[in-house]
Structures are given as structure tokens and as C-alpha cells.
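Following: one structure in C-alpha cells, then a few remarks.
If you're wondering where the values come from, they're calculated on a predicted model, not measured in any experiment. Note on naming: letters A, B, ... go to the chains in the order of the sequence lines (proteins, then strands), and numbering restarts at 1 for each one.
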Amino acid sequence: MAMEKTFNAAEAESRLYDAWEKAGCFTAGANAKPGASTYCIMIPPPNVTGVLHMGHAFNNTLQDILIRWKRMQGFDTLWQPGTDHAGIATQMVVERKLAETQQPSRRELGREAFLEKVWEWKEQSGGTIVNQLKRLGASCDWDRTAFTMSGAPGAPEAERHGNFHDAVIKVFVDMYNKGLIYRGKRLVNWDPHFETAISDLEVENIEVAGHMWHFKYPLAGGETYTFVEKDEDGNVVLEEERDYISIATTRPETMLGDGAVAVHPSDERYAPIVGKLCEIPVGPKEHRRLIPIITDEYPDPDFGSGAVKITGAHDFNDYQVAKRGGIPMYRLMDTKGAMREDGAPYAEAAAIAMQAAKGEVSLSETEADAINLVPDDLRGLDRFEARSRVVDQITAEGLAVMVANPEAGAEGEPEFIPYVEKKPIMQPFGDRSKVVIEPMLTDQWFVDTDKIVGPALDAVRDGTVKILPESGEKTYYHWLENIEPWCISRQLWWGHQIPVWYGLNLSGEGYVDDENDGALDLVEMGRLLSSQSLLPGDELHHCAADFDSVVSKFKDDEAGLPVPLNHARVVEVADRAEALETLAASLAQYETTQDPTQLIYPVWRDPDVLDTWFSSGLWPIGTLGWPQETEALAKYFPTSTLVTGQDILFFWVARMMMMQLAVVDQIPFDTVYLHGLVRDAKGKKMSKSTGNVMDPLDIIDEYGADALRFSSAAMAALGGVLKLDMERIKGYRNFGTKIWNAVRFAEMNGVYEGGAPSAAIPEATATVNKWIIGETGKVRVAVDEALEGFRFNDAASALYAFVWGKVCDWYVEFSKPLLNSDDAAVQAETRATMGWVMDQCLTMLHPIMPFITEELWGETGARAKMLVHADWPSYGAELVDEAADRETNWVISLIEAIRSARSQMHVPAGLKLPMLVSELDEAGRAAWDRNEALILKLARIESLAEVDAFPKGCVSITVEGGSFGLPLADVIDVAEEKGRLEKALGKLEKEAGGLRGRLNNPNFVASAPEEVVEEARENLAAREDEIGRVKTALARLAEMEA
RNA sequence: GGGCGAUUGGCUCAGUGGUAGAGCACUCCGUUCACAUCGGAGGGGUCACUGGUUCGAAUCCAGUAUCGCCCA
């Protein structure tokens, strides 16, 4: 067999991966020892629309390293794969595809037909990322591939194996029944393009060039006050009478919905006017709204004018202020982000708002929301168009704050201009839609996180769950201790439809039984249908897993209604409008038939779906078959390690903690390993617009998956920044070639002649064989310790240093004379040792570099098992032979000293030199004798002769316990040699000086640990010894000069 | 503004109190039969700054500066 010179990754990777898969190597429990403990990792489900990027590659490499390592150790392992259904992203992808192929749009298709299209797309394209993960070498149990929408109504046969959908619905119903989920009107991130609420995670805050306008809000009734501005020392810098309060805003269009102006309670400038009313300087003059000036801790007195307008329905900070102060929140925009066109004309709306501001009426949330305060001329405008109109109107009226014009005096330039600051502002954008996100007050479903956060906090506080790096725990506490309600509803079609049905509230105030006869007549029915109680927002609702289960709950409601309503059949209709029609028709029919059994009580299901994170929050139990008590659930839950990006600590990790604890009262995993974003070599985020995106598949094509994987491991320092450098990847590709050729060398030297090496630790007699066996023991301990502590970089560098720095640089070289030895026993021993050492390298490297190691494993003999299932070693420091260790290190230092001297004396590399020795202690003599052949070979020495004193022109080589010399009188450059020795002397003196200083300090000797003092003494002695020899050499050189 | 973190050779980074390290890059030498995707030798660092704790600080503490990330 003649091995190729390099590993052909492109050819081998798919072949090896297929072999693993075909043999079922990744199946849950594969290679488990009898009675083994379990080890389970849940993949962070990639988006079903996703394609593999560097973040996935890195994240999954770490998981694969762990799972392969544990699998080789004989644990009962499961790496659970799958994808999430990615509501908004998937809907967008499918809609785009419909548009591209000239098919009817989503709305034209309708919900059911559109969802069919989504499922079609999923069957065709949803497996992309799964296949890409295979190219990385990910050893997931693919037969178990999960999907957060599996088992949903409308899912094709192929998706019916899972029941994730039922699990999600069951959790919603259970949590609803426990009072952990409620419906409410709250401020959410609204995407005007997709017309849905989105999560914080889907919002990107980007700094953009913005403007800060300054406007005057006149005091009501022309009141005035003395405005006094002081500097830090309390000196008055400005004092004037004002009839207004100055407000700065970046969003003038939201002024229309202002409910108050707030100032800080400590702000003396505005103290005289707190509690008074001021006028919003926009809208028809005759209907100007007045709003109160209130105090709140939120305004920063040092920022802008110190006064803040409060628009509770369109700003998150203002929302909090408005809630605290009972300020009404007026919604100004529709779902598309345009100014509202609905409701009563402005004059009417403004009048109601006025009454509220004066405290004459108090508005419920629903009532406030029904009021449209957009002036008639601005209705229907896009929000940005409305902004510029508002600015123009205010400025035209002279209510903009004016400043001196720096251009004044120039042609056509006025003396004063409106005060508009150009400044960068952080603006929220939808990460999918790229439009500006609008904080919007809407009806949504929420998880009452306050009620379930406790156990999730406790589990980390008491150490049941460990988060790495530790700083992640701080962040976790910080977020959970200040947790906000979690909005879980989305106005999308693709997702788990909320299992709540609504019905019209027929028992409201509108119904009055005129005759008091307990029965409904026509007049009463008419009143019922038009009454206030049928306004949107006041419906009855019930929650249940399906329609059949919800019917009885509506029946219970009916029981309290008068005849004949209490007999009505509960029937599901599409929506609220259809329900009203159906009810009216049914009542009309009843009038003629008088048959109560024909009466229909229509109910409709909530059209919204659940946030994708609500379902992925159940990933650990959902993928294992919950709520069924499956074997997998019993075995692998709670799972072991979660490896994920620190950016989703809140959105996913914390939610999994809360939900698993809330639903099954168990932690989902015991360790969370968090890592950062993979960046480019300079530390920049990878982005399409910067053009610095690296595609992991391109990297795999060019350098092989192993190189990419090794790079991932090497940069995975706990808490470290991940900078991906192609040079580094190339270096690790080279590392693979290095191992390949080391094995090739072994193969060429008959190591595998007798078949695969024995798994038994070889019995060695030769020093270097004993030494490399000990080094192998040390590296196994180092690798396991590193992986146990999730220090992947330490594991990688320990293996790199061992394989390249010890095995290839030294052991292979040392072995050459032994493999060519005439002594058959020495040769056999060395072959056995080398075979074993190479096998250990392959075994320990396999979790990080599975492909090349598996290939070499197969190349070097028939094996009982593939490497993926080989036994992970457990030997350790007991393999270290101290004497062999010392001796080999001495040999290495001697060889290095000779090479160094040769190189610096410009001795031609190929030239063999004689060497002299003037003194050598007993250990040195023994070491020389036992290792002469390899020293001579590696240092290119032809002979060694003992002398009493070195001749003139002899280059000195000093090692522990010995002085060697190279007679180079004819080639020596005296000045150069003197420089070399002086430099060495200087370094030694510096070291010795430091050691002496410490040892002369009585405090050091008294306080430092014994072994530290002892070590310092030994070091000093060794330095002084060497200083002596270098000085001798320098003296000899001086003689030569003379 | 709040929180978290970083600052070590030209670059990218390890290094949790005891003689400053690695890889890459650089310089010189090398077609020695495992490997030029290689080998050998070498240069290069006041560990951001200022104080403090300690016998001893890159390492612990405080402050300063600069940078990054998250949140507002």
C-alpha cells in the first residue's frame, strides 16, 4: 500500500460521512457501554429557512466535539437535531416565491391554501441547513430530526411523525388555565410591513442621521412664568418670562397623540407650572388640545430642555410614564404605519380627549384606543409624510423654537431659523422587513413572566444550572430580575394558531328584558345587535386544545342567557364579521320559525399564531415526545449541555428555563455554554453590506471540514472574541497534512505490517519510546481536563503541541535510528510504540478532526470498530517515566544547542562535524551512550572525542552537566561568536539577578512556599553554573583574539 | 445614560500570584529518502496608564484612557 502524500478531503468527506450514517454510528445510544450514563445535547434549532453560516458552523462544531468525545467514552449519547418553523421568515420566503413565480398572493390564496404552499416549500427546501450540517461532520441522530410545526393541522404525511404542535398547544392551554397567560393591550414592536408584532430579537437598532426639533407648547390661557436657568455654581445665566414650555422631539408626528408633558420632580425651572395645562401646538387651532404638565422620574433635566412630551401609545419610555401617571394613550397609526383614518372626525375626538385631560371623564383602554386624534387633513398619510407636515404647520404658526442663523446676512437668509439639531439617533428596524419599527398599542397575548421567573432564577443561583462563561450568569440575573411580560402573539398565518375562541358577549349591558318575561323579542334582539356590548374588544373568550373542547365552555356561558339564546348551538365561523352576520341571520330566522334548536351561537378562533420562540422554548421536552411519556424523554431529559450564542441568552435560554420549569418542573439542561458572534479576522461583524461574509461551505471546499473545525475549537476560548482568520484555517489544514505524513512515515517503516496496532499500552525499554508514551499520557489528561471545562482551545492547542511539537518534531526523528536498528527487538518495540502513539493521536484528535482521523484509522489496518466508536483512552500520568523524561529533555536540549551553534556559525547544514567534550557528569554520559545514534544523526555530528581542554577556536556548547565544543577554528568569526556569547551571558545575568534579588530578600524566603524558594535556588544555581561556562568560553575567545 | 467585557511581540490570541507564551507574519539557512501544506536557526514584548495590596502583580483591588458588545 502506498499512501497519497496528502489527504483528499473533498473525496473522502462524503464517503466517510455516508459510512458513519449507514452504520448508524450517530443513533441515540450508539457505542454506549452497558449501564452508561446519558449525555444529551439539543441542537439550537436553526431557522427552517436558514442556510449555514459561520455562526452555525462554529456552534455545531463545538457540539459535535462534545458529543463525539462522550460517545467514544461510552456514554449513552443523543444529539437531537431539528429546525424551527421561523414564522415571519418562512412566511416572507414563501410570499416572495409566490410573487416570483406569478402565483396568487397570500391574501388572494387565503389562509388554508397559503399554508399548503408553505408546507410544499418546507418539503422541498426546508432541509437545506440539515444537509449543510452534515458537510461539517455533525453527528446528530438525524432519524430524530424534529420540527416545531410537526403534527400541525394541514401538515403533509411526511410531517406527521412528530407531535410538536400538540405539545405547544397543550402548554398554551395549561398555562392559560393556570393563569400564566393573559390577553391585554400593551405596547409592542410593530412591523408595519408584515403587519405583525415582532420580538425584541427581530428588531435591529441602527444609528441613523436624525433630527431633533424644538417646539413651544404654549401654556393654557396665555399664562406666563419666570424661567430661570442656572449654571453648575448656581449663578443665574438666563431669566425670562415665558408663556410656553419648550419640548424637543425626534418624532413630531407623535405629538398628535401626546397625553402630557413631563418634567423631573427636582427640576426647579418648571416647578411654577407643574400641574397646569399646556397646548399641543398642532392641529386645527379651534380644537387645540390641552394636556397636563406632570412630574416623573424619567425626564433627564440635563437633556434638551428637560421637558418631555408623553406619547404613551408610540414610545416605550413614554408608555411607562403614562402607565405610572394614568395618562391616556392615543393610538395614531394603523397596522401599515399610516395615520389613522377610522373613527369620528377630529373635532369630536379632540373634544373627548379634552374632557379626559381636564379630568371630566376617564377613558378605559378600549375607549382611548377608539379615539382617533389625527387631524382630518393628516389622516391616511404615511407616518413620515405626516411628520414633515406637522413640522411645517408648527413652524408656520411660529411655534418652533428659533435660533440665530449662522448664515444671516447672506442673500435671502433670515436672521433667525427654527432650531433643528442634526444628530445621530438609534432607530429600530425590522430585521426581515428593513422598515422602521413602530411601537404600537395593540391587543396581544402575554406570558405573565413574573409568575414563572422565580424557579429559573433559583436554578442558576443555587448552581443547579451552570452558565459559562460566568459573566453570562450576571447577564442572566440582570435580565430575569427585570423581566417584562412576554408578548407571544403574532399576526401571521404560519405558526401555531392560538387555541382561543371568541364569542359575542350577549349578556352585556345592552340587553334589557322589557317584558321581564325571560324571553327575547324582536325589539330586544335589535337592541342587542347594535349595543355597546358588541364593540370589538369586549368579546367572551375561552381557551381549549380544540373546537370540540371549547364548545362546552361557551355552553356554560349560554346557560345564564334568556330563552331562547340559552339553547343556541355553538358553531365555528371564520371571524368576527361573519359571527355578527350569522347571529343576525339566525335570530331573524328564529323570528319566523320560533325553533330554538335552530338558533346558532357563532364563535371564531383567534387568527393569530404564537411567537416561534414560544415553541422553541419547549424544544427540550418537545423534541423528546412530551407530553407522551416516551422512552427518550425518560432517558435523556433533563439534557446535559446547551451550546449557543450569548445573543439568545434571553430570547431562548432563559425562556427554555422558565418554560421547562413551568411545564414539567425540571431544568432543561445542566450546563449552558455561551459563545459570541463569529467575526472576520479584524473583528468586524460579518455582513453582506460590508462584504466580509465567509461561507463555511467555501472554506470546507478549499481546506476541508477538519481545518474549519480545528479553527473553531482553537478560537473557542471561554468568553473570547471569535475572529476567523483564513491564514489560521490554512495552518490547521497544514496540521492535518502533518499528521497524515507522520502516519505515512509509520506506514513506510513497517509499523502497520502486522495489521492494526494493538490497543494495549506498549512495554518499552528504549528511552525515547518510554518518553513518548509518557507524553501521550500527559496529553490525554490535558485534553480531558480542557474538554471537561469546555476549554476547547486548550484541548486543541494541547493536541497541536503534542502531535506536531512532540510526536512529529522529535519522536519521529528519534525513531529513525531505532527503526533502522540491527536489533530486531528494538525495531519491533519502536514499531509497536509508534503504532500505538499514532493511534492515540488519531483517537484524541477525532472529536475535533473526524474525517482525516477516520480515514487514517481505516488506512492503517483492519479495525474492530470505526474510529468514531473507538474507545477513548483513560491512562494518565502513570505512563510518565521520570528518568526517561529527564533524559530525553537533556538530549533535546543538547541537540538544540548544537544546531543553534552550527547555524549561528554558518556551518553548512549538510556538513557533519566532529565534536569534543571536556566535561560530562554521570547522567550525561549515560544519556549520551543510550542515545548516541540519534544525537549524531539529528545534530549532524560525526564523532565525539574527550579532551582535557578545548583547542583554540572551539565553539562552546553548554548543557546541564556538560561542556561540548565544536572545533571550528577555520570558519569561526570571532567577533560574531563573542557577540553570541555576550548576549547569552547578558540574558543569564539578568535572570540570575532577579533570582538573587528574591533569595536575598528575607521576606521572600520566610513567606513564599517552600517549593517556590527551593525552585528559585535550583534555578539560580543552574544559571550561575552556566554563567561560569559562558565566561570560560569568552575567555578562550579572548585568547584567540590576542 | 445603564450593564458586561477587552487592552500582552507586526497581526490574531492564550496565559486566575512565582523566570512572559503560541500560531501566523518577518530574517537567515536548507531539493538529508514522512511531510516545501516542510525542516533548522533567529529577531521581536516596560503585558494601555496611574496608584494600591503582597516577599513577589500580566494576573488581585481602585481610578484613568481607549475600544467592543448588549440594553435604554
**Request:** Output yes when A/R461 and A/E481 qualify as a salt bridge under the 4.0 Å nitrogen-oxygen rule, no when they do not.
**Result:** yes

**Item:** Least distance between heavy atoms, A/H314 atom then A/P439 atom
**Value:** ND1-O, 3.2 Å

For nucleotides 1-6 of chain B, tabulate all protein N/O to nucleotide N/O atom pairs closer than 3.5 Å, reporting atom names and distance.
unit_1: B/G5; atom_1: OP1; unit_2: A/K474; atom_2: NZ; d: 3.3

**Prompt:** Below 4.0 angstrom, N of the basic side chain to O of the carboxylate: do A/E747 and A/R744 qualify?
**Reply:** no

**Message:** I'd like to know if the side chain of A/R831 reaches the main chain of A/N749, judged simply by a donor and an acceptor atom lying under 3.5 Å from each other, with no hydrogens or angles considered.
**Reply:** yes

**Asked** In whole angstrom, what separates A/M726's CE from B/C11's C1'?
**Response** 17 Å

**Request:** Measure the distance from CZ on A/F650 to C1' on B/C69 and round it to the nearest whole Å.
**Result:** 11 Å

**Pairs involving residues 790-802 of chain A, ordered by first then second residue, that meet side-chain hydrogen bond (donor to acceptor under 3.5 Å, both in side chains) (sequence neighbours left out)** = A/R791-A/D794

**Complete:** 5' to 3', nucleotides 34-42 of chain B under a 4.0 Å protein heavy-atom cut-off (B base, S sugar-phosphate only, - none) gives BBSBSSSSS

**Message:** Could you walk me through whether A/F58 and A/L708 satisfy the side-chain contact (heavy atoms from CB on, under 4.5 Å) test, starting with their C-alpha distance in whole Å, then the side-chain angles of each, then the deciding distance to 0.1 Å, before giving a yes or no?
**Reply:** CA-CA 9 Å; A/F58 175 79; A/L708 177 61; over 6 Å; no

**Request:** Would you check if the side chain of A/N59 reaches a backbone N or O of A/G55 as a donor-acceptor pair within less than 3.5 Å?
**Result:** no

**Request:** Using the P atom as the reference point in each nucleotide, state the distance between B/A25 and B/A65 in Å, no decimals.
**Result:** 39 Å

**Request:** Sticking with atom P, work out how far B/G18 lies from B/G10, rounded to a whole angstrom.
**Result:** 25 Å

**Prompt:** Taking the same atom, C1', in B/U53 and in B/C28, what whole-Å distance lies between them?
**Reply:** 47 Å

**Asked** With sugar-phosphate meaning primed atoms plus P, OP1 and OP2, does A/R902 contact a base, only sugar-phosphate, or nothing at under 4.0 Å between heavy atoms?
**Response** nothing

**Request:** Taking atom C1' in both B/G9 and B/U50, compute the distance separating them and give it to the nearest angstrom.
**Result:** 24 Å

**Prompt:** Taking atom C1' in both B/A48 and B/G42, what distance in whole Å separates the two?
**Reply:** 29 Å

**Request:** State, yes or no, whether a side-chain contact exists between A/Y811 and A/M838 at a heavy-atom distance under 4.5 Å.
**Result:** no

**Asked** Can you tell me how far P of B/U12 sits from CZ of A/R728, to the nearest Å?
**Response** 12 Å

**Asked** Nearest-Å distance, CG (A/N793) to P (B/G23)?
**Response** 15 Å

**Item:** No-hydrogen, no-angle side-chain donor-acceptor test under 3.5 Å, A/R998 and A/N1001
**Value:** no

**Request:** Applying salt bridge (Lys or Arg N to Asp or Glu O under 4.0 Å), run through A/R899 and A/E896 and close with a yes or a no.
**Result:** CA-CA 5 Å; A/R899 283 173 171 175; A/E896 283 179 337; 6.0 Å; no

**Asked** Can you check whether A/F802 reaches A/K778 side chain to side chain, under 4.5 Å on heavy atoms?
**Response** no

**Request:** Assign a letter to each nucleotide of nucleotides 55-63 of chain B from its 5' end: B, base within under 4.0 Å of a protein heavy atom; S, sugar-phosphate only; -, no contact.
**Result:** B--------

**Asked** How far apart are the closest heavy atoms of A/F851 and A/D706, and which atoms are they?
**Response** N-OD1, 3.1 Å

**Asked** Whole Å only: how far is the CG atom of A/N189 from the P atom of B/C71?
**Response** 11 Å

**Check: A/V812 main-chain N/O paired with A/S815 side-chain donor or acceptor under 3.5 Å** = yes

**Fill in**
Taking Watson-Crick and G-U wobble contacts under 3.5 angstrom, with | marking pairs to another strand and [ ] crossing pairs, the secondary structure of RNA chain B is written ((((((((.[[[[.)..(..]]]].(((((.......))))).....[[[[[..)....]]]]]))))))).

**Request:** For B/G2 and B/U8, measure between their C1' atoms and round to the nearest Å.
**Result:** 30 Å

**Message:** Closest-nucleotide mapping onto RNA chain B: is A/E991 or A/E727 further toward the 5' terminus? I mean the 5' end.
**Reply:** A/E991

**Asked** Looking only at atom C1', what distance separates B/G23 and B/G63, rounded to whole Å?
**Response** 35 Å

**Request:** Round to the nearest Å and state the distance from A/L674 atom CG to B/C70 atom C1'.
**Result:** 13 Å

**Message:** Expressed as a whole number of angstroms, how long is the span from A/L649:CG to B/C71:P?
**Reply:** 12 Å

**Prompt:** How would you list, by chain and number, every residue that makes a salt bridge (Lys or Arg N to Asp or Glu O under 4.0 Å) with A/E438, sequence neighbours excluded?
**Reply:** A/R251, A/R383

**Item:** Spacing between A/N820 atom CG and B/U32 atom P, to the nearest angstrom
**Value:** 17 Å

**Prompt:** When the nearest nucleotide of RNA chain B is assigned to A/G910 and to A/Q646 on a heavy-atom basis, which residue is associated with the more 5' position?
**Reply:** A/G910

**Request:** Could you verify whether a donor N or O on one side chain and an acceptor N or O on the other, from A/H264 and A/E297, lie under 3.5 Å apart?
**Result:** yes

**Message:** Say we look at B/C33 and B/G45: how far apart would their P atoms be, to the nearest angstrom?
**Reply:** 37 Å

